[in-house]
Amino acid sequence: PTPEARRARARTPREQAFLGAVEALWGPGERPARAAAYAEAMAAVAADYPADDEAQVFYALALLATMPRGDLSLPIRERAGRIAEAAFARNPKHPGAPHLILHAYDHAALAPRGLAAAKAYAAIAPAASHALHMPAHFFVQLGRWHDAAASDAASWQASVDWATRRTKPVTLRDFHSLVWWQYELTQRGQFAKAQQIAKQVDVAMAVASDEDAIGGHQYADSDIGRGSGPLALSNDKGSMRARYVLESEGWQ
């Protein structure tokens with residue numbers, strides 16, 4: 001029940017150091033202050049365990065949680081990216097390292113630096129929808145529309161496979177990647193296909209509406225990300241329709 005009692009359960013100094021960082025993250029205070037305290041604590045863990053890939057990767061993650069918006073984030077992005085790149089160089093199969101490289105360099109000024117991680121990440125975790133989607137962030141910024149569409153098509157299918165395998169409702173598929181895929185198809189002039197895949201949102205909306213009417217179903221976080229309730233699906237449908245009209249110039 002107390003930080004001291006929890007610390008007593010940690011068997012090694014390394015575990016105690018990680019636990020102390022987590023105590024800072026979930027301790028008292030507002031979120032920005034807690035995120036800063038967590039980053040400071042993880043900086044100490046990373047310094048004490050310089051060859052520990054987990055310490056380095058979680059330190060990079062902690063830094064990303066402190067980023068301001070826009071270009072002010074660039075120094076922190078570069079710092080976190082360099083830390084994750086060093087772990088990636090030591091262990092090219094570490095799933096966390098390329099993941100955080102991609103989040104760190106997900107900015108127009110830094111996007112070329114993430115290309116190697118973008119190409120590697122999907123192969124490291126081929127069944128994870130998010131791992132398949134993240135490379136698209138870089139392919140889009142670099143104008144590689146074919147690669148971006150392939151990434152999000154694979155990401156969407158992985159989420160379909162996951163939901164089917166776990167007998168989850170269609171509302172827990174990764175509609176974020178579907179929205180991106182539709183946009184990428186419009187950039188390639190594949191408007192008929194873009195319209196076709198957008199219908200998946202209608203299918204999910206019908207189920208979501210029914211479940212809401214029957215039992216007020218709450219859409220919890222899933223293994224692949226946030227579930228999509230009626231409002232989120234409605235927003236997805238609206239944005240997909242708007243993109244289609246704009247890109248196809250089908251004003252009628």
If you group Ile, Leu, Val, Met, Phe, Trp and Tyr by side-chain heavy-atom gaps below 4.5 Å, do Ile76 and Leu110 land in one group? no
Heavy-atom closest pair (Ser177 atom, Ser129 atom, distance to 0.1 Å) is OG-OG, 4.5 Å
Could you go through the side-chain hydrogen bond (donor to acceptor under 3.5 Å, both in side chains) check for Gln56 and Asp52 one step at a time? CA-CA 6 Å; Gln56 303 305 316; Asp52 186 330; over 6 Å; no
Asp152 and His133 side chains, donor-acceptor separation under 3.5 Å: yes
Other residues, nucleotides, ligands: >12 heavy atoms within 6.0 Å of Phe58 CZ: no
Looking at Arg77 and Ala104, would you say the former's side chain and the latter's main chain have a donor-acceptor pair under 3.5 Å? yes
Tightest non-hydrogen contact, residues Ile101 and Gly114, listed as CG2-CA, 4.4 Å
Over all atoms of both residues, closest heavy-atom pair of Gln195 and Tyr244: CG-CE1, 3.2 Å
Hydrophobic clusters here meaning ILVMFWY residues chained together by side-chain heavy-atom distances under 4.5 Å, can you tell me if Val57 and Leu25 are in one? yes
Neighbour count >12 (heavy atoms, 6.0 Å) for atom CZ, Arg79: no
Side chains of Glu54 and Arg14: closer than 4.5 Å at any heavy-atom pair? yes
Intermediate values then yes/no, side-chain contact (heavy atoms from CB on, under 4.5 Å), Trp156 and Gln200: CA-CA 11 Å; Trp156 168 252; Gln200 294 292 332; 3.9 Å; yes
Side chains of Gln141 and Asp106 only: does a donor on one sit below 3.5 Å from an acceptor on the other? yes
Check for a donor-acceptor pair, side chain of Tyr38 on one end and backbone N or O of Val22 on the other, with a separation under 3.5 Å. no
Working note: Ser155 + Asp174, criterion side-chain contact (heavy atoms from CB on, under 4.5 Å); need CA distance, chi angles, decisive distance, verdict. CA-CA 8 Å; Ser155 176; Asp174 187 7; 3.5 Å; yes
Are side-chain N/O atoms of Tyr105 and Glu85 paired as donor and acceptor at under 3.5 Å? yes
Mark yes or no for whether Ser73, through its side chain, and Arg69, through its backbone, hold a donor-acceptor pair below 3.5 Å. no
Within this structure, what is the CE-NE2 distance for the pair Met67 and His107, rounded to the nearest 0.5 Å? 9.5 Å
Any link between Tyr59 and Tyr49 through a network of hydrophobic side chains (Ile, Leu, Val, Met, Phe, Trp, Tyr) touching at under 4.5 Å? yes
Asp161 side chain reached by Gln157 side chain, heavy atoms, under 4.5 Å: yes
I'd like to check Ser239 versus Val179 (side-chain heavy atoms, cut-off strictly below 4.5 Å). Are they in contact? yes
Can the ring centres of Tyr121 and His99 be said to be less than 6.0 Å apart? yes
Starting at CG of Asp147, measure out to CZ of Phe138 and round the result to the nearest 0.5 Å. 14.0 Å
Looking only at non-hydrogen atoms, find the nearest pair between Pro112 and Leu142 and report the distance. CG-CD2, 4.1 Å
Heavy atoms of other groups near Arg6 CZ, more than 12 under 6.0 Å: yes
Walk me through it: do Arg11 and Glu15 pass the test salt bridge (charged side-chain N to carboxylate O under 4.0 Å, His left out)? CA-CA 7 Å; Arg11 295 173 296 177; Glu15 289 180 354; 3.5 Å; yes
How long is the span from the CG atom in Leu102 to the CE atom in Met134, to the nearest 0.5 Å? 5.0 Å
Any donor-acceptor pair under 3.5 Å linking the side chain of Ser159 with the backbone of Arg173? no
Looking only at heavy atoms, what is the nearest atom pair of Met42 and Ala55, with distance? CE-O, 3.6 Å
Would you say Phe88 and His94 make side-chain contact, with heavy atoms under 4.5 Å? no
So Glu23 and Leu19, do their side chains get closer than 4.5 Å, heavy atoms only? yes
Residues Arg144, Leu115; criterion side-chain contact (heavy atoms from CB on, under 4.5 Å); working and verdict: CA-CA 11 Å; Arg144 298 175 59 149; Leu115 193 55; 3.5 Å; yes
Compute the centroid of each ring, for Phe139 and then for Trp180, and state whether the two points are separated by less than 6.0 Å. no
Can you tell me how far the CZ atom of Arg34 sits from the OG1 atom of Thr66, to the nearest 0.5 Å? 14.0 Å
Quick one: do the His176 and Asp236 side chains pair a donor with an acceptor below 3.5 Å? no
Would Leu63 and Trp26 show up in the same hydrophobic cluster when neighbours are defined by side-chain heavy atoms closer than 4.5 Å? yes
Which atom names give the shortest non-hydrogen contact between Leu132 and Ala158, and what distance separates them? CD1-CB, 3.6 Å
Are His103 and His130 close enough that their ring centers fall under 6.0 Å? yes
CA sep, side-chain torsions, deciding dist, call: Tyr183, Trp145, ring pair (Phe, Tyr, Trp, His ring centres under 6.0 Å): CA-CA 10 Å; Tyr183 173 65; Trp145 297 107; 5.7 Å; yes
Do Lys237 and Leu233 touch side chain to side chain, with heavy atoms closer than 4.5 Å? no
Euclidean distance, Glu78 CD relative to Ile83 CD1, rounded to 0.5 Å: 12.0 Å
Residue pair Gln182, Arg241: steps toward the side-chain contact (heavy atoms from CB on, under 4.5 Å) verdict: CA-CA 10 Å; Gln182 186 247 13; Arg241 184 169 186 265; over 6 Å; no
When you measure from the side chain of Thr164 to the backbone of Val160, do you find a donor-acceptor pair of N or O atoms at a distance under 3.5 Å? yes
CG/Asp202 to CE/Met205 distance, rounded to the nearest 0.5 angstrom? 7.0 Å
